[in-house]
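Source: prediction; values computed, not measured. Here is how names work: the chains are called A, B, and so on, in the same order as the sequence lines, proteins then strands, and each is numbered from 1.
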2 protein chains.
Amino acid sequence: MQSFSNSSTTYFPLEMSGVTTETTQDRALAALKNHKEAEKRRRERINSHLNRLRSLLPCNSKADKASLLATVVQRLRELKQQAVEITELETLPSETDEIRVLSCDYSSDGTSIFKASLCCEDRSDLLPELIQILNSLHLKTLRAEMATLGGRIRNVLVVAADKDHGIESLHLLQSALKSLLERSDASDRSKRKRAYDHQNNGPLMS
Amino acid sequence: MQSFSNSSTTYFPLEMSGVTTETTQDRALAALKNHKEAEKRRRERINSHLNRLRSLLPCNSKADKASLLATVVQRLRELKQQAVEITELETLPSETDEIRVLSCDYSSDGTSIFKASLCCEDRSDLLPELIQILNSLHLKTLRAEMATLGGRIRNVLVVAADKDHGIESLHLLQSALKSLLERSDASDRSKRKRAYDHQNNGPLMS
DNA sequence: GGTGACACGTGACTC
DNA sequence: TGAGTCACGTGTCAC
């Protein structure tokens, strides 16, 4: 590194022109050399950052320079969107039933992380069934929030799936939650209301 | 743009060698042109993604190509760390068992509001029992948070009691939670572990 | 006039 | 062979 070889030792006389002295040629060559080296340093700097990006990305290592940047763009957009969704922690249940399951993929080790949101009428057997769904899908609960208000409930779950069945688990979870919500619709409304008012017994207890 | 000047019109005879015919030179020039244009497209692609990154980044637009990438790296690290912190918020279960029940009295209409926190080893029948306790004490759940980590669980409950039995309900809730935790201690550890590992059946379901 | 950043064209290499 | 990517050296513009 920094091989500052003295360029003045490699001079040679100029016969074509009298205006270009040895020193001016010397300086020109030195300038060119500096330029060359500076450009090389610049390239190295850029590529170093590019490689750091590679290591940060989940899908990492050998990829096109352009497609690497493309995935970085996409990733940045995803993370920004996630930050918005998470900070607006709307834990209060809304009036309309809804299910949302979205992939988060926070972790770089490849394990898929989902955020699932469920909002519906409250009923006492909802939570056990939810737990069974998570268990049967081998989903690990990283974080769970529940809020009830006026007979309605909102659950927000952050779950981790095996890295092998990431997308599969996502769809399974989605359909399971959907059937859970439909089961709620199918159940007798008056029965659910009674269960909500007189909550001190029911099918929950073993 | 796309000035496809026909290179065959600009040929010139070669006197230095007989082996290079016009067609071979033609093809070489065409190849060189293709190469040149392909390289240009590649540069444009990279720069386009770079500009998108610029627009995604919080503050400035005009920045060095290298420092732009540096800030992208930093931003990506920040967002990743932020995501980790969010999933592990303040609700994480601690190593030691604990019960806290404290009066909050948020509401102005006189109804007593408690905040109860419970941290212990996780087991699948914990949540139903917790629900039963709340039901039998006629406590209305305003807000519930649950977090599990490494086989341990933390529950944070915000509950409302009848205005008549405020302090009474508080003490009842405290003792009920205490007995719940002691039941957890008394239960066979291996049984609890088995229930935790094979979670897809059990006493939860009706 | 030196420094830094960029786009360009080209040789080398891979699939 | 051809299409693709990369590193390199150079010309050029701006401060």
Lys178(B): what forms a side-chain contact (heavy atoms from CB on, under 4.5 Å) with it, not counting sequence neighbours?
-> Ile99(B), Glu182(B)
So where does chain A start and stop touching DNA chain D, 5' to 3', when the test is distance under 4.0 Å to a non-hydrogen atom?
-> dT5(D) to dT12(D)
List in chain and number order the residues that pass side chain to side chain donor-acceptor pair (under 3.5 Å) with Arg42(B), two or more places apart in sequence or in another chain; answer none if no residue qualifies.
-> Glu39(B)
Hey, does Cys120(A) have a side-chain heavy atom less than 4.5 Å from the side chain of Leu126(A)?
-> yes
Kindly write out the residues that satisfy side chain to side chain donor-acceptor pair (under 3.5 Å) with Asp64(A), not counting sequence neighbours, or none if the list is empty.
-> none
Those residues that, when tested against Leu68(A), pass side-chain contact (heavy atoms from CB on, under 4.5 Å) (two or more places apart) | Leu50(A), Arg54(A), Leu57(A), Thr71(A), Val72(A)
With sequence neighbours left out, the residues meeting side chain to side chain donor-acceptor pair (under 3.5 Å) with Asn34(B) are none
Residue set satisfying salt bridge (charged side-chain N to carboxylate O under 4.0 Å, His left out) with Arg100(B), at least two apart, ordered chain then number -> Glu98(B)
State which residues pass side-chain contact (heavy atoms from CB on, under 4.5 Å) with Thr141(A); sequence neighbours excluded, sorted by chain then number.
-> Leu134(A), Ala144(A), Val159(A), Met146(B), Thr148(B)
Please work out if Arg45(B) contacts a base, only the sugar-phosphate, or nothing of the nucleic acid, heavy-atom cut-off 4.0 Å.
-> sugar-phosphate
Give the B/S/- string for nucleotides 6-15 of chain C, one per nucleotide from 5' to 3', where a protein heavy atom under 4.0 Å of the base yields B, of only the sugar-phosphate yields S, and otherwise -.
-> BBBBBBB---
